[in-house]
Amino acid sequence: MTNLLSPSRPAAPADPRPAPYRVAGGPVRRGLLRDLEHPRQVFSHLGPNWYASVMGTGIVAVAAASLPLQLPGLRAGATAVWALAAFLLVAVTVATAVHWLRHPATARGHALDPVMAHFYGAPPMALLTVGSGALLLGRDLIGLRAAVDLDWTLWFAGTALGLVSAVAVPYLVITRQTVRSDSPFGGWLMSVVPPMVSASTGALLLPYAPAGQPRLTLLLACYAMFGLSLVASMVVITVLLVRLGLHGAGPARMVPTLWIVLGPLGQSVTAANLLGGAAHEAIPAPYASALQAFGVVYGVPVWGFAALWAVLAGAITLRTARKDGIPFSLTWWSFTFPIGTCVTGATGLALHTGSDGFRIAAVVLFAVLVGACGTVATRTLLGSLRGRLFLAPAQPADTVRSADAVRAADAVRSANAV
């Protein structure tokens, strides 16, 4: 029996990790995946938001391939980054397949999650980004023929998935989720942007499509997807602005998603200029010239609005970081792909206008993109090695619940009342 009068042993140091990342009833773990109870937990909660890391990595390579300032070694470095993005695409896809096989109920639940559901737009954009990188850069490694074939495969797959997400996710929001006035967040754009990415990456494939009707059909389909995504994005951005005016920036963890607004803006400028530049491959004058002019006439004002939003989002992000701090999560990848689309948009405008201002803007934004991607990639790697990023996401009380959950809660309350 312990002598109550003897000096007590010093208490064990408290686990410095937040409560969700401690192993219940056990000591602090060290080493690989130390925040998980078992390595198999890696696949337990894997969501489509992981494809954002592929998008963010791939856009660095794509933006570098056409940057107005081509420094020695830039193309070789961009090719290596593209290869990394292709590897991540395969790895995340395999891990997602394992997740669906081992945890089908959780996987199906992502579609009804009011936050995660919108990130089903990330897989198609990841496919499209890696595919365009194959054509622009991967050809140096695997040859032109293989690069073209790979790009066609990923373009068709990404376009099909993107069109499904653009319809299915809004349908789920309307029919299966309860939406409040403070529900909209930047992630709402994720499901409707993929067709815009298909439009811009499809422009790169125009010269490789069979001449005649097939090439014309591809051009017109890309413009149709351009319009589909543009109108849907403008509606969501308007709703998001209303929410910001009524309810403020919202929780700190969601602030990075404000940067997603730059995605449809920058990508639409990129698509308008790429399609306009390639229109002569499929359609005769005067339409080809008109479409090329449209890229500039549309692109300059929208790029200006993107600059306005970047300043606004930057000010909100800085204020939140100083006041509350912004906890790291996969939403930080919102700092990468959207900025990359502004780089490619500025590059397209510089090409068609000859403006030194847009050339400088493209180079400066590319430097910001590289810094952001390096920071987020490092934090993601460290969080993955610890296992923290594989844990179930927190479900705060203010998260919008699905309609099914609301009905179930109402039923419980009614039963208790009786």
Side-chain angles (χ1 to χ4, degrees), residues 51 54-55 57-67 70 74-93 122-163 193-226 229 267 270-283 288 291-292 295 337 340-341 343-345 347-348 351:
Y51 281 92
V54 182
M55 296 166 52
T57 304
I59 196 63
V60 174
V62 171
S66 56
L67 199 68
Q70 290 290 316
L74 179 61
R75 184 173 180 85
T79 304
V81 173
W82 169 79
L84 174 60
F87 169 78
L88 289 174
L89 176 62
V90 174
V92 173
T93 301
M125 287 191 282
L127 293 171
L128 295 165
T129 303
V130 172
S132 62
L135 190 58
L136 295 171
L137 298 162
R139 60 198 298 175
D140 297 343
L141 296 178
I142 62 178
L144 178 59
R145 183 69 264 166
V148 171
D149 291 342
L150 177 60
D151 193 11
W152 275 118
T153 301
L154 295 179
W155 187 84
F156 278 115
T159 298
L161 290 175
L163 291 173
V193 174
M196 186 68 77
V197 182
S198 292
S200 59
T201 54
L204 299 176
L205 286 167
L206 270 175
Y208 303 97
Q213 285 297 316
R215 191 174 295 178
L216 176 61
T217 300
L218 176 61
L219 176 68
L220 296 179
C222 287
Y223 271 110
M225 289 187 289
F226 171 90
S229 184
Q267 196 68 54
T270 303
N273 281 275
L274 286 176
L275 288 170
H280 68 277
E281 300 274 359
I283 198 169
L291 291 175
Q292 183 169 343
F337 187 85
T341 66
V343 175
T344 56
T347 297
L351 176 64

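We number each residue from 1, following the sequence as shown. On a predicted model such as this, the values are computed, not experimentally measured, just so you know.
- Remark: L128 CG to T201 OG1 distance equals 4.5 Å, nearest 0.5 Å.
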### Task
Applying side-chain contact (heavy atoms from CB on, under 4.5 Å), run through T93 and Y51 and close with a yes or a no.
CA-CA 8 Å; T93 301; Y51 281 92; 3.1 Å; yes
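- How far CG of L154 is from CG of L205: 10.0 Å, rounded to the nearest 0.5 Å.
- Across every non-hydrogen atom of L135 and L144, the tightest pair is CD1-CD1, 4.5 Å.
- The minimum heavy-atom distance linking I59 with T341 is given by the pair CG1-N, 4.2 Å.
- Put simply, the side chain of L351 does not reach to within 4.5 Å of the side chain of N273, judged on heavy atoms.
- Contact of the V62 side chain with the W82 side chain is not registered, since no non-hydrogen atoms from C-beta on lie closer than 4.5 Å.
- Identified under the side chain to side chain donor-acceptor pair (under 3.5 Å) test for residues 129-145, with sequence neighbours left out: R75-D140, R145-D149.
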### Task
In sequence, state the C-alpha distance, the side-chain angles, and the governing distance for L291 and Y223, and then conclude on side-chain contact (heavy atoms from CB on, under 4.5 Å).
CA-CA 10 Å; L291 291 175; Y223 271 110; 3.5 Å; yes
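- A distance of 4.5 Å separates OG1 in T79 from CG in L137, rounded to the nearest 0.5 Å.
- A distance-only check finds a donor-acceptor pair linking the side chain of W155 to the backbone of S198 [under 3.5 Å].
- Side-chain N or O atoms of Q292 include none that pairs as donor or acceptor with a backbone N or O of L274 at under 3.5 Å.
- Taking all atoms of both residues into account, the shortest heavy-atom contact from A147 to A134 is CB-O, 3.3 Å.
- When all heavy atoms of L218 and A209 are compared, the closest pair comes out as CD2-CB, 4.1 Å.
- Here the closest non-hydrogen pair linking T347 and S66 is CG2-O, 2.9 Å.
- The minimum heavy-atom distance linking P195 with S229 is given by the pair CB-CB, 4.1 Å.
- Between T159 and M225 the shortest side-chain heavy-atom distance falls below 4.5 Å.
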